[in-house]
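Single-structure report; data block below.
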Amino acid sequence: MNPLKRLGRRRASVLSLLAVAALVTPGAATAAPDAVRASTLGAQAAQSGRYFGTAVAAGRLGDGTYTGILDREFNSVTPENEMKWDTIERSRGSFNFGPGDQIANRAASHGQRLRGHTLVWHSQLPSWVSSIRDANTLRSVMNNHITQVMNHYKGKVYAWDVVNEAFADGGSGQMRSSVFRDVLGTGFIEQAFRTARSADPAAKLCYNDYNIENWSDAKTQGVYRMVRDFKARGVPIDCVGLQSHFGAGGPPSSFQTTLSNFAALGVDVQITELDIAQASTAAYANTVRACLNVARCTGITVWGIRDSDSWRSGENPLLFDRSGTKKPAYQSTLTALGGSAAAQRTGAPSPRSATALPSSFRWSSSGPLVAPKPDATHRIAGIKDPSVVYYNGKYHVFASTASSSGYNLVYLSFSDWSQAGSATHHYLDRTAIGAGYRAAPQVFYNTQQRLWYLVYQTGNASYSTNPDISNPNGWSAPRNFYSSMPDIIRQNIGNGYWVDMWVICDSANCYLFSSDDNGHLYRSQTTVGQFPNGFTNTVIAAQDSKYALFEASNVYKVQGSNQYLLLVEAIGSDGRRYFRSWTSSSLAGSWSPLAASESNPFAKSSNVTFPAGTWTRDISHGEMIRAGYDQTLTIPACKLQYLYQGKDPNAGGDYDNLPWRLGLLTQTNSTC
Ligand code: G2I
């Protein structure tokens, strides 16, 4: 983003001389490998937009072999027992979130998704619940449990098993007897889902069961009828979990049919508790293939890591043996996911042995999707510097508004890109954020504090918070991250401007990046616990010549890998904006070139096609569409999308008055 009064930007061909110097950060290794086949389960599943998860037991998190495999291989976790009723609400109204939090916080800090398991289940249910005989009492106990637990984990749990195992085994196709069915009637499931939706509208709500994998089984049919009925009547349900505890033969031959029949009702399907007696390679591969063949099969979870961790350990049903070594079924699973067994055999068990990102990129651009909507008091020339999250069924976009009289911020939301142009623009200068110089927003949800943060520049690095992203009036007044410009920036900024503040956190620390329009990328840090206070240790994270490392840096975690991606906007030899990219295994660097040159850019007019017509030569300040919305800024590893600012190539004059519009890039060379 550009601050006020940057008139007369130099666009001379001298830029060509400046854009080629290498990043001076020492210790840069080679670029990421060309191969797009990953060598871990999570990274490979991510290439098709899926996750590969495991059940996790809090009691094993002190075991280094266990956590080593967990963090290397899996990008989703399900607490095996820690979120069940008998752990969380052992006595009425007294909630124990300790063990569940241990798993949830660890998952968040490792960029792993979290499945919540489970809210309403007849088993592992304390006797104070199962002995209730009064319907009103039980209804309020059930609703309260759902509400309290979902509130507590709001923003952390991607999908909840709202109701677990409510159907009977055998030929009846009916619900099993349980305190819930017997006291509340079969409507308890609908009640539970409705309560769950209002408790956390952003979480996916699943029905989860076992022995529903064979299409012709009466139990499968019973669950299918219920889901069909829910969809027909608008009862909120988003997904069906097929536990998939298989015998030695693996999945039934109709498994894929079952997955696609459920999916055709308009729900996602997930394999939620996979384990297979004796773990034959073919049985695992068949299970994985069935999921990959169904577009709405969004992920697979195995029910434990090593055989010794399994609830059926006598049957050796998992992918790792007791010592943590990969079993043959691991290889067949990875291969079925599309991964490279060869890479696996030669590769050391390094957490960074794979990146799913290619080392060159190609994109297709939309036309201009968002243009300024001036009103009587906002005479806006350009809409710029977008930040975007997808949350609760909507894209939420924050952007700078630019005109010769200055910069401020705007918010809009919409459910689909086709509606971006017609969304209402909420000008944030009318809120507590206030009038005056505010620009280059960045939005994310802080899961620890359960608050949305909007980071932006005001001359200092500033932020506002809001409990509800969809309420433009909910933002707090600006506060500064620093008491004043850190010395190292003051010493290096020259004639530049201090711009484009960016926050990203890992499990321990939060980092604040910023640029100086003078060839330096700065980084400060604080602890996750102290954030937003305590940003110190400001250092130069990267440097190059002025126009080669100009501004608008983005830093992301790549889902399913231990890699971070750095993008910085440069000005090319043609005077046009483009992005360079680097990767690192740590937010503290060092950064290795990925697609970092003008001839192999991350995104530049030269690697972007414009099927709807070339409306811009600049690919400028923007943001990736993230996989989540929290402080880890996790992005998918494939089919990247980037929301950017572009403008009419013939427009000129005052920089602050240029006609910037927002467009969306979609990666076209993803192999996913
Ligand atoms: O039974 C297999 C799974 C079927 N679907 C629902 C899942 O939630 C269920 O998981 C298992 C856990 O893997 C076991 O670990 O659920 C069992 C309980 O139904 C869990 O077993 C319990 C033992 O019954 C307890 O005695 C023990 O204290 O594990 C607890 C913690 O180790």
Side-chain angles (χ1 to χ4, degrees), residues 53-63 66 70 74 76-90 96-104 107 114-127 129-130 145-146 149 153 157 159-170 175-180 189 192 205-214 217 219-220 222-223 239-248 251 269-277 279 287 299-320 322:
T54 179
V56 165
R60 297 185 201 275
L61 292 175
D63 174 344
Y66 183 83
L70 170 60
F74 299 101
S76 173
V77 303
T78 308
E80 189 173 357
N81 290 295
E82 292 74 1
M83 291 190 185
K84 292 174 178 174
W85 199 314
D86 66 350
T87 299
I88 286 195
E89 196 185 4
R90 180 171 283 279
N96 167 27
F97 293 113
D101 284 355
Q102 213 189 323
I103 294 178
L114 184 63
R115 293 193 84 264
H117 176 80
T118 170
L119 295 165
V120 180
W121 186 27
H122 64 275
S123 179
Q124 286 178 284
L125 185 67
S127 55
V129 184
S130 52
H145 182 79
I146 293 170
V149 178
Y153 289 110
V157 168
W160 272 103
D161 291 332
V162 177
V163 175
N164 193 39
E165 301 177 6
F167 277 73
D169 292 314
M175 288 178 201
R176 73 168 71 231
S177 166
S178 72
V179 67
F180 300 109
I189 302 184
L205 307 181
C206 304
Y207 176 80
N208 190 52
D209 215 328
Y210 65 90
N211 283 354
I212 58 166
E213 295 83 12
N214 185 14
D217 281 357
K219 188 171 176 183
T220 310
V223 174
C239 35
V240 173
L242 297 94
Q243 292 183 8
S244 307
H245 295 293
F246 292 134
V269 289
Q270 299 166 350
I271 296 173
T272 50
E273 302 182 12
L274 178 62
D275 48 20
I276 306 179
T287 308
I300 299 174
T301 298
V302 288
W303 206 240
I305 297 179
R306 300 162 301 196
D307 286 334
S308 47
D309 303 319
S310 172
W311 69 297
R312 49 195 298 210
S313 60
E315 297 174 287
N316 298 320
L318 295 175
L319 299 177
F320 295 85
R322 276 145 218 273

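As the structure lists them, so they are numbered: ligands from 1, and atoms in each ligand from 1. Heavy atoms only: backbone and side chains are in, while hydrogens, waters and symmetry mates are out.
Residues E82 and T87 share a closest heavy-atom pair of O-CG2, 3.6 Å.
Nearest non-hydrogen protein atom to atom 12 (C) of ligand 1 is E80 OE2, 3.4 Å. Scanning all protein heavy atoms for the shortest distance to atom 32 (O) of ligand 1 gives N81 ND2, 4.1 Å. The nearest heavy-atom contact from the protein to atom 11 (C) of ligand 1 is K84 NZ, 3.7 Å. Among all protein heavy atoms, the one lying closest to atom 10 (O) of ligand 1 is W303 NE1, 3.2 Å. Looking at atom 3 (C) of ligand 1, its nearest protein heavy atom turns out to be E273 OE1, 3.3 Å. In terms of protein heavy-atom proximity, atom 19 (O) of ligand 1 is nearest to Q124 OE1, 3.3 Å.
Here's the thing with W121: none of its N/O atoms is less than 3.5 angstrom from an N/O atom of ligand 1.
Q243 pairs with exactly one of N211, D209, N164 by the side chain to side chain donor-acceptor pair (under 3.5 Å) rule, that one being N164.
In terms of the side chain to side chain contact (heavy atoms under 4.5 Å, CB included) criterion, residue partners of R312 (sequence neighbours excluded) are, by chain and number, H245, D275, A277, S310, E315, P317. Residues passing the side chain to side chain contact (heavy atoms under 4.5 Å, CB included) test with A166 are V163, F188, I189, Y207, sequence neighbours excluded.
The closest approach between any non-hydrogen atom of E165 and ligand 1 is below 4.0 Å.
Here T118 has no heavy atoms under 4.0 Å from ligand 1, in either its backbone or its side chain.
With ligand atoms numbered from 1 in the order given, ligand 1 contributes 3 (C), 4 (C) to contacts under 4.0 Å with heavy atoms of H245. Taking every non-hydrogen atom of N164 and a distance limit under 4.0 Å, the qualifying atoms of ligand 1 come out as 6 (C).
There is a protein heavy atom less than 4.0 angstrom from atom 1 (O) of ligand 1. There is no protein heavy atom closer than 4.0 angstrom to atom 27 (C) of ligand 1.
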